[in-house]
Amino acid sequence: MTSTDVVLEVRDLAKFYPVRRGIVLKRHVGEVKAVDGVSLSLRRGKTLGLVGESGSGKSTLAKVLVGIEKPTRGQILVDGEDVSNLGRAERRELRRHIQMVFQDPYTSLNPRMSVGEIVGEAYAIHPDAVPAGGKAKAVRELLDRVGLNPDHIHRYPHQFSGGQRQRIGIARALAVRPKILLCDEPVSALDVSIQGQVINLLEELQDDLGLSYLFIAHDLSIVRHIADEVAVMYLGRLVESGTDAEVYEVPSHPYTRALMSAVPVPDPSLRDQRREIVLEGDMPSPVDPPQGCHFHTRCWLAPLMESRVDPAGSQSRSIPTICRTESPKLGALESPDHLAACHFADDVSAH
Amino acid sequence: MSDPSVSALIAEETQSGVPSRSLWSEAFRTLRRRPDVILATIVAVFFLLVALFPFLFTSKDPQRCDIAESRLPPQWFGGEHPFGTNAYGCDVLAQLVHGTRPSLLLAFIVVGVSVLIGVTLGTVSGYYLGIVDAVVSRIVEVFLVIPLLLAALLLLSLFRNIDLGDGPVSTIAQPAIVLTMFAWMGYTRYVRASVLETKNLDYVTAARVLGASDLRIMVRHVLPNAIGTVTALVPTAIAAVIGTEAVLAFLGIGVRPPAVSWGIMIEEGSQWFTGGSEYLLLFPLGCLMATVLAFVVIGDNLRDALDPKLK
């Protein structure tokens with residue numbers, strides 16, 4: 001992987017939200033560690049799928065990347081240039097490189113603006129982004145591009161269906177000709193029949209415009225379909241990343257294993273063969289994450305490992321000391337791009 | 001949804017070529033079908049016309065009074081004084097007609113200025129939060145706990161000797177300032193609450209991702225979607241100010257004679273209520289109640305029609 005291949009690189013990114021108590025004297029009592037040291041890279045023209053349950057920090061990561069939130073720590077490199085500590089004007093420029101597609105097509109479009117105004121707003125904010133031929137022509141081309149009738153430019157959002165609204169949202173994001181499109185669960189609010197159409201549109205646009213996608217989702221089958229690489233988040237940290245084949249075929253973190261085992265299997269005869277791993281309890285609070293490995297409180301593998309590491313300790317169902325005290329690093333497995341953060345990564349697939 | 005006309009409407013709307021229908025035009029369609037709203041609108045428009053063009057309704061000067069013609073009973077539309085004369089021999093109809101303008105003008109100024117203040121402060125404090133919001137919210141609370149009548153009585157009696165002149169605006173300037181001081185807090189709170197709700201919606205985030213300035217986000221995205229609740233309050237607020245003006249005039253501290261307003265007429269008429277001249281009270285009181293009721297009905301229905309939760 002040469003460095004020119006990478007369009008977006010994130011190094012040790014963290015976002016903490018302060019927790020304050022008191023009305024007048026706001027005492028600083030702690031931090032919500034929404035994103036805690038995430039590193040990932042997105043290759044040009046490729047799709048990186050980001051999965052994890054609610055509260056794992058996916059959306060906070062997205063907000064930091066599009067520049068709505070300032071990172072507490074870490075670097076964001078777009079085309080090799082550090083953009084995490086820019087001034088106001090430069091940040092505006094950066095925003096032209098990374099745009100966002102939202103989850104809910106019903107709240108992501110201003111109900112009081114016509115489609116033309118919504119898509120054309122980008123040109124009002126960035127006058128230098130208006131292509132030759134003028135704003136009106138550019139908006140019509142964009143609508144055509146995402147599969148909408150360009151004559152509907154004067155209509156309002158409520159006159160469109162969910163899928164059409166999502167297309168309008170995509171057209172708005174494309175108006176400034178970004179390099180990276182950050183899709184925050186772009187199809188999870190749509191009917192299944194419409195999901196396919198929107199996914200196909202996104203793939204078409206990627207091929208035509210050379211876009212790179214960071215695709216956040218919790219629907220693992222859609223991520224598998226669209227993503228070239230997959231990263232799994234748990235409680236603000238990456239627990240596993242690799243190509244989609246690696247992560248889906250050989251999940252090497254107990255959390256990923258549990259996620260994969262929950263994917264519905266269409267074939268009923270195969271359904272009985274797989275073993276579903278059900279995690280117990282809820283994700284711990286990001287204000288006070290567990291010591292050591294963040295996942296050890298819910299890990300299904302750790303109790304199995306305890307007997308092997310410490311055969312003398314007869315207590316069953318206890319957690320190995322290393323899991324409770326030492327935070328595992330993302331380490332390479334059989335291929336250099338497949339990383340997992342587990343002390344017992346090699347044992348995950350065996351169980 | 002089972003209503004055939006509703007499903008026909010939906011079908012019509014989803015077809016191509018139908019012009020877009022906003023929340024407002026939808027509201028007007030609902031209001032148009034309600035007889036009480038139509039009646040209230042007619043009453044309100046009538047009094048607005050009276051305020052704008054008083055000479056269309058009377059040819060008499062309310063200030064030219066003949067003490068010899070004191071307290072003539074109503075002669076209706078055959079005589080010279082259709083609604084009679086008051087204790088000083090002034091024509092009651094002429095006073096009613098010319099008294100409409102100060103009452104309505106005061107109401108529109110007070111509501112207009114306080115909406116302006118409320119929308120500005122509410123938007124800014126809801127959008128920026130932090131220290132701005134803390135300061136604005138505390139000021140709102142301070143003004144909310146001061147009783148309006150007590151403060152108005154105090155302020156207006158303190159400055160009662162200042163004469164601002166005889167113009168239509170200067171006669172109502174003092175009550176207008178005092179009433180505005182105690183009318184803006186409600187709008188501030190309403191707007192702040194809706195701004196808080198609106199500013200976290202995805203389309204605001206989308207505008208921010210595009211790099212829109214704070215001003216642009218507030219004016220183009222937040223305000224148009226947050227102001228709906230406030231517009232519905234306006235007619236009711238107009239009614240309230242008309243009523244309060246009458247109270248202040250009745251207490252002798254609002255609009256002051258020789259200017260005429262409904263409040264002054266009610267105050268003067270109340271002294272003769274038992275002496276066989278009850279019409280001196282009933283005519284201005286009737287006008288006041290009709291106007292207030294009309295605006296209240298419009299306001300109530302407008303609020304219901306604009307509330308998407310009631311659809």
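Because only heavy atoms are used, hydrogens play no part in the values below, and waters and symmetry mates are left out as well, while side chains stay in. Each chain gets a letter, A, B and so on, in the order its sequence line appears, and its residues count up from 1.
Heavy atoms of Leu109(A) lying under 4.5 Å from chain B belong exclusively to its backbone. In this structure, chain A has heavy atoms under 4.5 Å from both the backbone and the side chain of Arg220(B). Of the atoms belonging to Thr205(B), heavy atoms from both backbone and side chain fall under 4.5 Å from chain A. Neither the backbone nor the side chain of Leu182(A) comes within less than 4.5 Å of any heavy atom of chain B.
Defined by atom type and a distance below 3.5 Å, a donor-acceptor pair is present between the side-chain atoms of His218(A) and Glu185(A). Between the side chains of Tyr128(B) and Asp214(B), at least one donor-acceptor pair of N or O atoms lies under 3.5 Å. Side-chain atoms of Gln206(A) and Thr47(A) include a donor-acceptor pair closer than 3.5 Å. Side chains of Asp184(A) and Gln103(A): no donor on one and acceptor on the other come within 3.5 Å. A donor atom on one side chain and an acceptor atom on the other are found under 3.5 Å apart for Asn225(B) and Tyr203(B).
Contact count versus chain B (heavy atoms, under 4.5 Å) is highest, among Gly67(A), Pro111(A), Ala175(A), Ser161(A), for Pro111(A). Chosen from Ala134(B), Gly211(B), Ala212(B), the residue pairing most often with chain A at heavy-atom distances under 4.5 Å is Gly211(B). Heavy-atom pairs under 4.5 Å with chain B were tallied for Lys63(A), Glu121(A), Met100(A), Met113(A); the largest tally goes to Glu121(A).
In this structure, the side chain of Arg172(A) does not engage the main chain of Ala122(A) through any donor-acceptor pair within 3.5 Å.
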